[in-house]
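As structure tokens, the structure follows; a few thoughts come after it.
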Amino acid sequence: MASIGVINLHDPIMAAPSPKTPRQNPFEGRQVHSRVVRSGFGSSPFVETALVNFYAKCEEIGFARKVFDEIPERNLVAWSTMISGYSKVGMVNEAFGLFREMQNAGVVPDEVTLVSVISACAASGALGVGRWVHAYIDKHLIDTDLELSTALVNMYAKCGCIEKAIELFDAMLVKDTKAWSSMIVGMAIHGLEEEALYAFSRMEEDKVKPNHVTFVGVLLACAHSGRVLVGQKYWSNMLEFGIEPSMEHYGCMVDLLCRANHVEEACAFVETMPIFPNAVIWRTLLVACKKNRNVDKGEIAGTRLLELEPDNAENYILLSSLYASSSQWGEDELCEETNEG
DNA sequence: CTAGGGTTAG
């Protein structure tokens, strides 16, 4: 009997620096896949499912499906893996379709399967499906563990039912970082800024450590409610936690400063970014510059924006309205101004 | 005991 030594860690292929996630190295994974098939381990349900999962995580969803389709006896875990893969890459219709196929095949979903289905509902705003799954959970007495509860809270929040999300969240006995984050982000996107910030303070009292997603919610709440100083305080707080700001965090801060009409400060803040600002950041700045009639800064933002998204017609309209807003058009000036450009 | 799950700005 061949040992697992077929996959030899001293082999040149396997000895390459190990990536943090499979996503970063689909190439090596395919080498392993090839070896798996040749070594005869391909018929193990564990190996088959791991391969489906691997390809899905590499966003090679077509390969994942191919391996899945070739599994002779698909069990619950195999179905769940494929549904999860579709859900994660945003192919929600495929996720729903496969969930239906799975039930038609007589495979009964468990809480792990339903987390992926609920997550697909949240991503697509499919409240009807989400409610159906929730009813299914209640009817079949499926264990609503931490992950499933969090998925439900997130789904209701994303689908506009913030009261339902809060109700479920309050009923949870154990809440971890992801549960709190879902709730805080949900409150923030629903304009419940006070509640979001209060939830954050309760989270601290409960000694649950916030992460980068938690701070997206907190900063969002500050931006939406115009709390510039509070937002800046949380920004420092985030850095103290050793959380490296991501594009989303910078986006929230730019939004925070721009909404408060601190345009110059927002521009200066963007200058300090160690990562290249994306189109959302430049667009936020451009809109603020337009509103504050700051053509100089607006032009810079507009130029960067057009470099990043030359095919987005909206950007050209924004930039033209920047010039329009600054020229203070009156009846007499109209001709002069238009002749200039 | 080994294969599947939740949170991220506009």
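Each chain gets a letter, A, B and so on, in the order its sequence line appears, and its residues count up from 1. Because the structure is predicted, anything quoted here is derived from the model rather than measured.
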Open item on the list: Counting C-beta onward and ignoring hydrogens, is there a side-chain heavy-atom pair between A/Trp235 and A/Phe215 closer than 4.5 Å?
Closed with: no

From [options], nucleotide with atom closest to [X] side chain:
| X | options | answer |
| --- | --- | --- |
| A/Leu76 | B/dG5, B/dG4, B/dA9 | B/dG4 |
| A/Pro45 | B/dG4, B/dA9, B/dA3 | B/dA3 |
| A/Thr113 | B/dG6, B/dA9, B/dG4 | B/dG4 |
| A/Ala50 | B/dA3, B/dA9, B/dT7 | B/dA3 |
| A/Asn75 | B/dA9, B/dA3, B/dG6 | B/dA3 |
| A/Ala151 | B/dG6, B/dA9, B/dG4 | B/dG6 |

Using whole Å, what does the distance between atom [atom2] of nucleotide [N] and atom [atom1] of [X] come to?
| X | N | atom1 | atom2 | value |
| --- | --- | --- | --- | --- |
| A/Asp143 | B/dG6 | CG | P | 16 Å |
| A/Asp145 | B/dG4 | CG | C1' | 13 Å |
| A/Asn278 | B/dA9 | CG | C1' | 9 Å |
| A/Ile137 | B/dG6 | CD1 | P | 14 Å |
| A/Lys178 | B/dG5 | NZ | P | 10 Å |
| A/Leu148 | B/dG6 | CG | C1' | 9 Å |
| A/Met82 | B/dA3 | CE | C1' | 15 Å |
| A/Asn53 | B/dA3 | CG | P | 10 Å |

Looking at every strand, decide which applies to [X] at a 4.0 Å heavy-atom threshold: base, sugar-phosphate, or nothing.
| X | answer |
| --- | --- |
| A/Ser182 | sugar-phosphate |
| A/Thr81 | sugar-phosphate |
| A/Leu152 | nothing |
| A/Lys175 | nothing |
| A/Met247 | base |
| A/Ala179 | base |

Residue pair [X] / [Y], side-chain donor-acceptor N/O under 3.5 Å:
| X | Y | answer |
| --- | --- | --- |
| A/Ser181 | A/Thr214 | yes |
| A/Glu163 | A/Tyr156 | no |
| A/Lys57 | A/Asn53 | yes |
| A/Tyr86 | A/Arg65 | yes |

Task: Pair of N/O donor and acceptor under 3.5 Å linking B/dG5 base with A/Asp110 side chain - done: no

Open item on the list: Between B/dT2 and A/Phe46, is there a base-stacking contact, meaning the centre of the base's six-membered ring lies under 5.5 Å from the residue's ring centre while the planes stay under 30° apart?
Closed with: yes

Open item on the list: Counting only side-chain nitrogens and oxygens, does A/Ser119 get under 4.0 Å of the OP1 or OP2 atom of B/dT7?
Closed with: yes

Task: Residue-phosphate contact under 4.0 Å: A/Lys88 side-chain N/O, B/dG5 OP1/OP2 - done: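 Yes, within the criterion.
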
Task: Exam field: side chain A/Ser325 to backbone A/Lys290, donor-acceptor pair closer than 3.5 Å - done: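 Flag set: sc A/Ser325 to bb A/Lys290 pair under 3.5 Å.
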
